[in-house]
Amino acid sequence: MTRSAGEGDPVPIYADLVRERGDVVAEAQQAAARTQQQAAELLGGQPTGQQQLPTA
C-alpha cells in the first residue's frame, strides 16, 4: 500500500515552493489571527475564543 502525502512525509514540491516564495499558508494563518485579535478588541475587548453570553 502506498502512503499519501498527509501521512507524515513532507511533500517535496511544497518544500521547494516554501523555499522559493515563503510559507504563504503560515503567513495567512498569522494574518487571520491578528485580524481576529483586532476585531475582538474593537468589538468590546473580549478575548479571542471566548463567547460572551447575551444579557437580558
Side-chain angles (χ1 to χ4, degrees):
M1 184 165 132
T2 60
R3 291 168 49 158
S4 68
E7 293 184 13
D9 290 337
V11 180
I13 193 165
Y14 183 75
D16 290 343
L17 288 170
V18 169
R19 273 194 300 279
E20 291 174 13
R21 301 183 184 248
D23 194 344
V24 176
V25 173
E27 292 173 17
Q29 290 171 335
Q30 291 171 353
R34 283 192 305 270
T35 302
Q36 286 180 331
Q37 180 63 35
Q38 289 174 347
E41 289 173 4
L42 292 171
L43 295 173
Q46 178 178 337
T48 307
Q50 295 181 357
Q51 294 182 353
Q52 186 176 12
L53 297 175
T55 55

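In this chain, numbering begins with 1 at the start of the sequence shown. In this text, all values refer to a predicted model and were calculated from it rather than measured experimentally.
Between atom CD of residue Q37 and atom CG of residue L42 there is a gap of 10.0 Å, rounded to the nearest 0.5 Å. A distance of 11.5 Å separates CZ in R34 from CD in Q36, rounded to the nearest 0.5 Å.
Looking at residues two or more places apart in sequence or on another chain, you find no salt bridge (Lys or Arg N to Asp or Glu O under 4.0 Å) involving R21. Partners of V25 according to the side chain to side chain contact (heavy atoms under 4.5 Å, CB included) rule, which considers only residues two or more places apart in sequence or in another chain, are Y14, D23, Q29.
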